[in-house]
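Position 1 is the first residue of the sequence, and the numbers go up from there. What you see is a predicted model, and the numbers here were worked out from it, not measured in a lab.
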Amino acid sequence: MSTKTNPIKVDLPDDEALALAQLCKRISYSDCRTNAVDNAEAYIMLDAIAKLQKSLAEAGYSPR
């Protein structure tokens, strides 16, 4: 696993930010595994999605 981090900034309209937050909430391991080359990559995807979800929540987009 890499220790270097990369700040990523994106500007989204409200509807896109909310839709992305909904996707982060609904995406599952099986969704990631289908698109990953192996189990390890699927878990890395899930970790990245969790970080994205946290950032969206901090910006006020945290669907129930």
Just how far is it from atom [atom1] of [X] to atom [atom2] of [Y], taken to the nearest 0.5 Å?
X   : Y   : atom1 : atom2 : result
K25 : S62 : NZ    : OG    : 9.0 Å
Q22 : R64 : CD    : CZ    : 11.5 Å
C24 : I49 : SG    : CD1   : 6.0 Å
L23 : L18 : CG    : CG    : 11.5 Å
K51 : L46 : NZ    : CG    : 12.0 Å
E16 : Y61 : CD    : OH    : 10.5 Å

Using 4.0 Å as the upper bound for N to carboxylate O, is an ion pair formed by K9 and D11?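 The answer is yes: the pair qualifies as a salt bridge.
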Y29 vs N39, side-chain hydrogen bond (donor to acceptor under 3.5 Å, both in side chains): CA-CA, chis, key distance, verdict: CA-CA 9 Å; Y29 170 80; N39 290 339; 2.7 Å; yes
Identify the two heavy atoms, one from A36 and one from A42, that lie closest to each other, and give their separation to 0.1 Å.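 Heavy-atom minimum between the residues: CB-N, 3.6 Å.
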Give the cluster check for V10 versus L20: same hydrophobic cluster or not, with ILVMFWY residues linked at side-chain heavy-atom distances below 4.5 Å. yes
Main chain of S28, side chain of D31: is a donor-acceptor contact present, judged purely on distance under 3.5 Å?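 Here the side-chain-to-backbone pair exists.
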